[in-house]
**Q** 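This is the structure, below, for whatever I ask next.
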Amino acid sequence: MRTRITEMLGIEHPIVQGGMQWVGLAELASAVSNAGGLGILTGLTQPTPEALQKEIARCREMTDKPFAVNLTILPTIKPVPYEAYAQAIVDSGIKIVETAGRNPEPFLPPFKAAGITVIHKCTSIRHCLKAERIGCDMVSVDGFECAGHPGEDDVTNMILLPLAAKRLKIPFLASGGLGDGRGLAAALAMGADGINMGTRFMATIEAPIHDKVKQKMVEASELDTALIYRTLNNTARVFKNSIAEKVLEIEAQEGPTRFEDIQPLVQGTKGRELFDDGDLDKGIWSAGMIVGLIDDIPSCEELITRIVAEAEEIISQRLGQMLSA
Ligand code: NAD
């Protein structure tokens, strides 16, 4: 499959791995890139900009294919030196960056000067149009189904993707609710030039997280996610475990929610421990509605090959036959 995005990113298949906190390490990013997709290292998973440079170097030893770095700008418990992370990305010679969370305008001059292709993750059409206007090269359109931060508008990809196709000139990825060949074919039909998958890549052999987390996703249904931080205007879709339920109880109490009241439950370090030791109720972990469609834990190569083959079959056989009948 050739699309504007495979051409611009220099990849074989129109499949990009989402930037995921604690999961986007060199093991996963290199496996996705080696399988012909675009792997992404998560910038803030590394404790310092220097550590990020080392992780980039480690990933380069594991693949000679293109890979990207994600820089997410959202509220955090500890202040993050974003400029230093951006500089580390530039200094490492990275050529593709995924920005997310907030307007990436302040980072565009150094990224553009370094010849970096910028993909900005957007949860609404107005943000997509703004990203196009300020010079992003492509956007990742993140529907309400997605893991992590879906924004506050609650519009699904069935609406967002055709809207993006109507309004944008730059190419876009469909993100959220994607994990199989049907999803890829549908996203392409709705005007996307490829897909971005996060949660689906967590349930792969190479994802650097505990097997119990992967197994839990295989068992889960589409009803097993929850939206937390709604009351703080920082909504996040996470796996519906006992900690997410406790956060929802606190948020449902009368009066405004104070972040301090939920911080001990949600801090990212607990989520990291959960991924490391497989204690599924230690903290919160991001997961999208696609968990309802995940039935196995393949390698990234098997997964990408299967998704592309399924999509090709749907397009050439099922849809093709409808026209020739
Ligand atoms: P963290 O430990 O600093 O914070 C934990 C969670 O609380 C995060 O979701 C954060 O957004 C939220 N939070 C922090 N301070 C807040 C405040 N004052 N008001 C409302 N919410 C607040 O975060 P972390 O786990 O180290 O992750 C680092 C960054 O990566 C965060 O900005 C986080 O949102 C982001 N992240 C993004 C995704 C994604 O969907 N791409 C997934 C996980 C984490």
Side-chain angles (χ1 to χ4, degrees), residues 16-25 28-29 39-49 51-52 68-82 85-86 97-104 119-123 127 139-152 173 175-178 196-202 207-209 213 225-239 241 243-244 246-248 250-251 256-276 282-291:
V16 173
Q17 170 231 319
M20 293 172 278
Q21 181 67 331
W22 314 129
V23 187
L25 297 175
L28 181 61
I40 299 196
L41 294 176
T42 308
L44 301 191
T45 292
Q46 299 303 321
T48 60
L52 176 58
V69 175
N70 163 285
L71 189 63
T72 296
I73 311 157
L74 281 167
T76 49
I77 293 170
K78 284 200 210 139
V80 174
Y82 291 107
Y85 275 93
V97 167
E98 180 192 62
T99 54
R102 206 186 308 150
N103 180 355
I119 311 170
H120 185 55
K121 196 158 240 213
C122 302
T123 56
H127 294 155
V139 288
S140 192
V141 179
D142 221 7
F144 185 52
E145 306 90 333
C146 75
H149 296 273
E152 310 302 324
L173 291 159
S175 175
L178 294 152
N196 173 301
M197 309 192 306
T199 306
R200 177 60 269 204
F201 276 123
M202 286 170 71
I209 56 174
V213 180
T225 71
L227 293 171
I228 60 171
Y229 315 141
R230 266 262 110 131
T231 55
L232 298 168
N233 242 10
N234 184 31
T235 300
R237 187 181 295 285
V238 298
F239 198 87
N241 63 4
I243 304 295
K246 271 190 207 149
V247 173
L248 289 176
I250 296 171
E251 289 194 83
T257 309
R258 293 179 317 157
F259 182 68
E260 303 86 89
D261 295 339
I262 55 171
Q263 178 175 325
L265 295 169
V266 303
Q267 57 202 29
T269 44
K270 291 256 180 77
R272 173 167 223 163
E273 286 171 30
L274 181 158
F275 283 150
D276 285 345
K282 192 161 228 171
I284 52 152
W285 46 291
S286 297
M289 286 178 167
I290 193 70
V291 285

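When reading the values below, keep in mind they use all heavy atoms of this one structure, side chains included, and skip hydrogens, waters and symmetry mates. Counting convention: from 1, in listed order, for ligands and their atoms alike.
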**Q** Testing Leu248, Val247, Ile243 one by one against Ile262 for a side chain to side chain contact (heavy atoms under 4.5 Å, CB included), which residue passes?
**A**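 Exactly one pass, corresponding to Val247.
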**Q** Distance only, no hydrogens: is a donor on one side chain within 3.5 Å (strictly under) of an acceptor on the other, for Glu152 and Thr235?
**A**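 Yes.
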**Q** At what distance is the nearest protein heavy atom to atom 12 (C) of ligand 1, and which residue and atom is it?
**A**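 Checked against all protein heavy atoms, atom 12 (C) of ligand 1 sits closest to Asn234 ND2, 3.7 Å.
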**Q** Could you pull out the closest heavy-atom pair between Phe275 and Val213, with the gap in Å?
**A**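 Shortest heavy-atom separation between Phe275 and Val213 comes out as CE2-CG1, 3.9 Å.
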**Q** Closer than 4.0 angstrom: is that true for some heavy atom of Gly19 and an atom of ligand 1?
**A**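 The answer is yes, since Gly19 has a heavy atom less than 4.0 Å from ligand 1.
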**Q** What protein heavy atom sits nearest atom 40 (O) of ligand 1, and how far away is it?
**A**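 Scanning the protein heavy atoms, the shortest distance from atom 40 (O) of ligand 1 goes to Gly148 CA, 3.1 Å.
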**Q** To check your reading of the model: name the closest protein heavy atom to atom 3 (O) of ligand 1, its residue, and the distance in Å.
**A**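 Of every protein heavy atom, Ile77 N, 2.7 Å lies nearest to atom 3 (O) of ligand 1.
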**Q** Under 3.5 Å between any N/O of Val266 and any N/O of ligand 1: does that happen in this structure?
**A**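 No: no nitrogen or oxygen of Val266 is under 3.5 Å from one in ligand 1.
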**Q** Examine Lys78 against ligand 1 and note whether any of their N/O atoms are separated by less than 3.5 Å.
**A**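 By distance alone, the answer is no.
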**Q** Enumerate donor-acceptor pairs with a distance under 3.5 Å from any side-chain N or O in residues 139-148 to protein atoms, sequence neighbours excluded.
**A**
unit_1: Asp142; atom_1: OD1; unit_2: Ser175; atom_2: OG; d: 2.7
unit_1: Glu145; atom_1: OE1; unit_2: Asn157; atom_2: N; d: 3.4
unit_1: Glu145; atom_1: OE2; unit_2: Asn157; atom_2: N; d: 3.3

**Q** Considering only protein heavy atoms, which is closest to atom 2 (O) of ligand 1, and at what distance to one decimal place?
**A**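 Result: Gly268 N, 2.7 Å.
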**Q** So, applying side chain to side chain contact (heavy atoms under 4.5 Å, CB included) with Ile284, which one of Leu274, Val266, Leu265 is it?
**A**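 Output: one option passes, namely Val266.
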**Q** Using a plain distance cutoff, I'd like to know if Phe259 has any nitrogen or oxygen under 3.5 Å from a nitrogen or oxygen of ligand 1.
**A**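 No, Phe259 has no N/O under 3.5 Å of an N/O on ligand 1.
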**Q** Which residue owns the protein heavy atom closest to atom 8 (C) of ligand 1, what's the atom, and how far is it?
**A**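 Atom 8 (C) of ligand 1 sits closest to the protein heavy atom Tyr229 OH, 3.9 Å.
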**Q** Please list the nearest protein heavy atom to atom 10 (C) of ligand 1 with its residue and the distance rounded to 0.1 Å.
**A**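 For atom 10 (C) of ligand 1, the nearest protein heavy atom comes out as Pro75 O, 3.2 Å.
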**Q** Which atoms of ligand 1 sit under 4.0 Å from any heavy atom of Leu74?
**A**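 Result: 32 (O), 34 (O).
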**Q** Should one rank His149, Met20, Arg102, Glu98 by closest heavy-atom distance to atom 33 (C) of ligand 1, which comes out on top?
**A**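 Answer by nearest heavy atom: His149.
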**Q** Give the single entry among Thr76, Leu265, Thr231 that approaches atom 29 (C) of ligand 1 most closely by any heavy atom.
**A**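 The option holding the nearest heavy atom is Thr76.
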**Q** If I apply the N/O under 3.5 Å rule, does Ser286 come out as touching ligand 1?
**A**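 Ser286 vs ligand 1: no N/O contact under 3.5 Å.
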**Q** Go through the steps to decide whether Thr231 and Glu251 satisfy the test side-chain hydrogen bond (donor to acceptor under 3.5 Å, both in side chains), and finish with yes or no.
**A** CA-CA 6 Å; Thr231 55; Glu251 289 194 83; 2.5 Å; yes
**Q** Measuring from atom CD1 of Ile119 to atom CD1 of Ile40, what distance do you get when rounded to the nearest 0.5 angstrom?
**A**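 Interatomic distance, Ile119 CD1 to Ile40 CD1, rounded to 0.5 Å: 5.5 Å.
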**Q** Using 0.5 Å steps for rounding, measure from the NZ atom of Lys78 to the CD atom of Gln267.
**A**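 If I round to the nearest 0.5 Å, the distance is 9.5 Å.
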**Q** What protein heavy atom sits nearest atom 35 (C) of ligand 1, and how far off is it?
**A**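 Checking every protein heavy atom, the shortest distance to atom 35 (C) of ligand 1 gives Thr72 CG2, 4.0 Å.
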**Q** Among all protein heavy atoms in this structure, tell me which lies nearest to atom 24 (P) of ligand 1, with the distance rounded to 0.1 Å.
**A**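 Heavy-atom neighbour on the protein nearest atom 24 (P) of ligand 1: Gln21 NE2, 3.6 Å.
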**Q** Specify the closest pair of heavy atoms between Asn196 and Lys121, including all atoms of both residues, with the distance to one decimal.
**A**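 Taking every non-hydrogen atom into account, OD1-NZ, 3.8 Å.
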**Q** Rounded to the nearest 0.5 Å, what separates atom CG in Leu41 from atom CG in Leu25?
**A**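 Separation between the atoms: 8.0 Å.
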